[in-house]
Amino acid sequence: MKYKTSTLCEIAILVAMISILGSIKIPNIIPGIEFQLSAPLAVAICSVFGFKKYIISGILSSIICLALGTQNILNVAIAMQFRLIVAYFYIWHKIIFI
């Protein structure tokens, strides 16, 4: 895959924003299902930048947060499910309303 420099910089900025806001969580009674403040940002990224940049930056953000220790495997699994659901509705919305 060949990417332009501007595309790589956009993805890097999106990864940083998702990672920083993903480490800020609103606690819940059940451990592991805290509300991450990156959720609204992720939906906005998907609608503005498209599915491809959204899923690439989400996966890279999960890897970075897992490596830094700000998230555990359960948080990453929940975040990936959220990303797939957002992507499904984004693609479904594009098909229905075009």
Side-chain angles (χ1 to χ4, degrees):
M1 291 187 283
K2 283 189 164 183
Y3 289 109
K4 290 183 175 180
T5 306
S6 62
T7 305
L8 291 175
C9 290
E10 278 182 356
I11 291 173
I13 291 170
L14 295 175
V15 168
M17 289 172 38
I18 292 173
S19 298
I20 290 169
L21 286 178
S23 63
I24 302 170
K25 300 175 179 82
I26 298 174
N28 199 346
I29 296 171
I30 303 170
I33 60 168
E34 300 91 6
F35 179 76
Q36 296 181 1
L37 293 179
S38 65
L41 176 71
V43 174
I45 288 172
C46 187
S47 63
V48 172
F49 292 100
F51 171 72
K52 189 175 179 181
K53 287 183 185 177
Y54 165 69
I55 203 71
I56 290 171
S57 60
I59 291 171
L60 290 174
S61 173
S62 292
I63 291 170
I64 289 172
C65 287
L66 192 62
L68 290 174
T70 59
Q71 292 185 355
N72 56 22
I73 298 292
L74 182 61
N75 293 119
V76 171
I78 291 170
M80 289 308 296
Q81 286 178 348
F82 177 78
R83 288 181 183 112
L84 291 176
I85 291 170
V86 168
Y88 170 75
F89 281 110
Y90 175 75
I91 292 170
W92 181 71
H93 181 296
K94 287 283 189 181
I95 291 171
I96 297 296
F97 294 109
I98 286 184

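Position 1 is the first residue of the sequence, and the numbers go up from there.
Within the structure, no pair that satisfies the side chain to side chain donor-acceptor pair (under 3.5 Å) test touches residues 42-51, not counting sequence neighbours. Counting only residues at least two apart or in different chains, side chain to side chain donor-acceptor pair (under 3.5 Å) contacts with residues 6-20 comprise E10-K53, S19-S61. Evaluation of the salt bridge (charged side-chain N to carboxylate O under 4.0 Å, His left out) test over residues 21-31, restricted to residues two or more places apart or in two chains, returns none. Residue pairs meeting the salt bridge (charged side-chain N to carboxylate O under 4.0 Å, His left out) criterion with at least one partner in residues 56-73, sequence neighbours excluded, are absent. Screening residues 54-72 for salt bridge (charged side-chain N to carboxylate O under 4.0 Å, His left out), with sequence neighbours left out, gives no hits. Residue pairs meeting the salt bridge (charged side-chain N to carboxylate O under 4.0 Å, His left out) criterion with at least one member in residues 56-78: none, sequence neighbours excluded.
Among residues two or more places apart in sequence or in another chain, the side chain to side chain contact (heavy atoms under 4.5 Å, CB included) test is passed with A39 by F35, F82. Here I59 pairs with I55, I63, M80 under the side chain to side chain contact (heavy atoms under 4.5 Å, CB included) rule; sequence neighbours left out. For I24, the side chain to side chain contact (heavy atoms under 4.5 Å, CB included) test picks out L21, L37, with sequence neighbours left out.
Contact record, R83 with S62: NH1-OG, 2.7 Å, taken as the closest heavy-atom pair. Considering all non-hydrogen atoms of both residues, T70 and S23 come closest at CB-CB, 4.1 Å.
Using bins of under 30°, 30° to 60° and over 60° for the plane-to-plane angle, the ring pair F51/Y54 lands in the tilted bin.
Under the 4.5 Å side-chain heavy-atom criterion for grouping Ile, Leu, Val, Met, Phe, Trp and Tyr, I20 is not connected to I64 through any hydrophobic cluster.
Taken from CG in L66 to CG in N75, the straight-line distance is 9.5 Å, to the nearest 0.5 Å. Here the OG atom belonging to S57 is positioned 5.0 Å from the CD1 atom belonging to I45, to the nearest 0.5 angstrom. We find the CE-OG distance between M17 and S38 to be 10.5 Å, quoted to the nearest 0.5 Å.
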